[in-house]
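None of the values given here were measured: they were computed from a predicted structure. Note: hydrogens, waters and symmetry copies are ignored here, and every other heavy atom, side chains too, is used. Throughout, residue positions are numbered sequentially from 1 according to the sequence presented.
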Amino acid sequence: MTATRPLAVIILAAGQGTRMKSAKHKVLHPVAGRPMLLHLLASVAELRPERQVVVVGAGREQVEAAVAGTGAVIAVQEQQQGTGHAVAQAHDALAGFAGDILILYGDVPLVRTETMRAMLDRLNMGDELRAVVLGFRPEDAGAYGRIITNGQGIIGKMVEYKDADAAERAVTLCNSGLMAMRSTDLFVLLDQIGNHNAAGEYYLPDIVMLPGAQSAVIETEAWEVAGVNSRQEQAMIEAAWQDRRRSEVMRDGVTLIAPETVFFAYDTQLGRDVLVEPNVVFGPGVKVADNAVIRAFSHLEGTDVGQGAEIGPYARLRPGANIGAEAKVGNFVEIKKAELNEGAKVNHLSYIGDATIGAGANIGAGTITCNYDGFFKYRTEIGAGAFIGSNSALVAPVKIGAGAIVGAGSVVTRDVEAESLCLVRPAQEGKPGWAARFRAGMQARKAAK
């Protein structure tokens, strides 16, 4: 790799996004649980740029809020006059910068850091290039702009589809729009391009065709530069991302019984020898340690799952759920903002929220922690080795001591001492023969009508 030079990044996000039919800015629609723009900024961050500029049109406030804390600043393109005009709006934000500039697109979220680095390396190989363009060869070149080369990666011509002739449209190498240039060239050359084309816009690729230094193209796979202009394209990008992630986790030692039915978030972390059954969804913020089992139809978000733990089937782990090693969360159990320590079991039909469950504790079927009074949330603490009988309600704030037993059907409103038995239920009363007399009376009344 060549020596590192100062880097600035311009991300174009000024498109109207009308085909999304959404009040949300197009670049903030998610892929794998993360806004597209933030996917791109995360990849950019690995290059440690000195400056990052996001060029927006409508929806500035949404984008500005989304990039807060990333180091990116906002520039505004008031009128949509093409990609060249959009890049020019970053001029003031880059005043005084000297180095390389990457030009990216906020609705092209999957570009890898390695590809960006390859563009910069090619720009600085020593042959005085004006620009490096990222090209690709899609299955259907459609209406993409075409790149005509000399066969050695040097660009002879770049042309938009609507301005291309039949021979140029037959070329399969297409322009992704992504470019790398030097700061000393970019804005000087932007001032020289015109809008004498079918759309009457200032095209960024026209820089390449200005007289003077030559430009080069490097190629990447089509999936990496796929853009999103509609919900259908968003779904296609999601599918492509998920397919690659499934392959990655299986290569890393995870077993997916039915890979096509498992969905990951951008930050899902799975250890080795994890088993994931069909129809599991991982939302953002999930870490699963080695040898854990995630059974079918479970949904996890914002949770840590310990080594050898078992989740599901049909379990829901909400943010703040921390499941200890060898713990068990069974079918139709919901856990929220609660800690299950090592070996604890919540096997079926229970809700555990705002709670701490001690090591080895056993929570019976139908148990709920009553954590909310309509105004505030309260915690339940269950000690190690405690046993909570089925269909119990633990009204927080409440503490169940270590080794205590709560009888089935109890409504617990006060703390329970360690190693004690808690029974909260009315005395059982039996009336011999009552049921037979009742039925006989009712049948007599029915016959009399």
Which atom of Ala93 lies closest to which atom of Val73, heavy atoms considered: CB-CG2, 4.1 Å
Taking everything shown except Lys399 itself, do over 12 heavy atoms lie less than 6.0 Å from its NZ? no
Using the rule given for side-chain contact (heavy atoms from CB on, under 4.5 Å), can you reason through Val333 versus Leu349, listing the C-alpha separation, both sets of side-chain angles and the distance that settles it, and then say yes or no? CA-CA 5 Å; Val333 171; Leu349 302 163; over 6 Å; no
Please check this pair: side chain of Gln62 against backbone of His25, looking for a donor-acceptor N/O pair closer than 3.5 Å. yes
Do other residues, nucleotides or ligands put more than 12 heavy atoms under 6.0 Å from the CD atom of Glu64? yes
I'd like to know whether NZ of Lys328 has more than 12 heavy-atom contacts from other residues, nucleotides or ligands below 6.0 angstrom. yes
So among Arg19, Met20, His29, which one has a side chain to side chain contact (heavy atoms under 4.5 Å, CB included) with Val228? Met20
Closest non-hydrogen atom pair, Ile311 against Ser298: O-OG, 4.1 Å
State plainly whether the residues Glu248 and Arg245 are in salt-bridge range, i.e. N to O under 4.0 Å. yes
So, Asp185 side chain and Leu189 main chain: donor-acceptor pair closer than 3.5 Å or not? no
Would you confirm whether Glu128, through its side chain, and Ala213, through its main-chain N or O, come within 3.5 Å as a donor-acceptor pair? no
Atom CE of Met236: over 12 foreign heavy atoms under 6.0 Å: no
Ala222 and Arg137 have their tightest heavy-atom pair at CB-O, 4.4 Å
Mind telling me whether Phe297 and Tyr314 have parallel, tilted or perpendicular rings, with 30° and 60° as the class edges? parallel
Tell me whether the guanidinium CZ or amine NZ of Arg246 lies under 6.0 angstrom from the six-membered ring centre of Phe263 and within 45° of its axis. yes
Starting at CZ of Arg295, measure out to CD1 of Ile257 and round the result to the nearest 0.5 Å. 9.5 Å
Flag yes if more than 12 heavy atoms outside Lys377 fall under 6.0 Å of its NZ atom; otherwise flag no. yes
Before accepting this row, confirm whether a basic side-chain N of the pair Asp252/Arg272 lies closer than 4.0 Å to the acidic partner's carboxylate O. no
Can you confirm if the NZ or CZ of Arg146 lies within 45° of the ring axis of Tyr161 and under 6.0 Å from the centre of its six-membered ring? no
dist Asn175:CG -> Ile148:CD1 (nearest 0.5 Å) comes out at 10.5 Å
Do you know which two heavy atoms are closest between Phe97 and Arg51, and how far apart they sit? N-NH2, 3.7 Å
Show your working on side-chain contact (heavy atoms from CB on, under 4.5 Å) between Met158 and Tyr203 and close with a plain yes or no. CA-CA 11 Å; Met158 289 176 61; Tyr203 291 146; over 6 Å; no
What distance separates Thr83 OG1 from Glu160 CD, expressed to the nearest 0.5 Å? 7.0 Å
Measure from the side-chain N and O atoms of Ser350 to the backbone N and O of Gly364, and report whether any donor-acceptor pair falls under 3.5 Å. yes
Describe, in one word, how the ring planes of His91 and Phe187 are oriented to each other, choosing from parallel (under 30°), tilted (30 to 60°) and perpendicular (over 60°). perpendicular
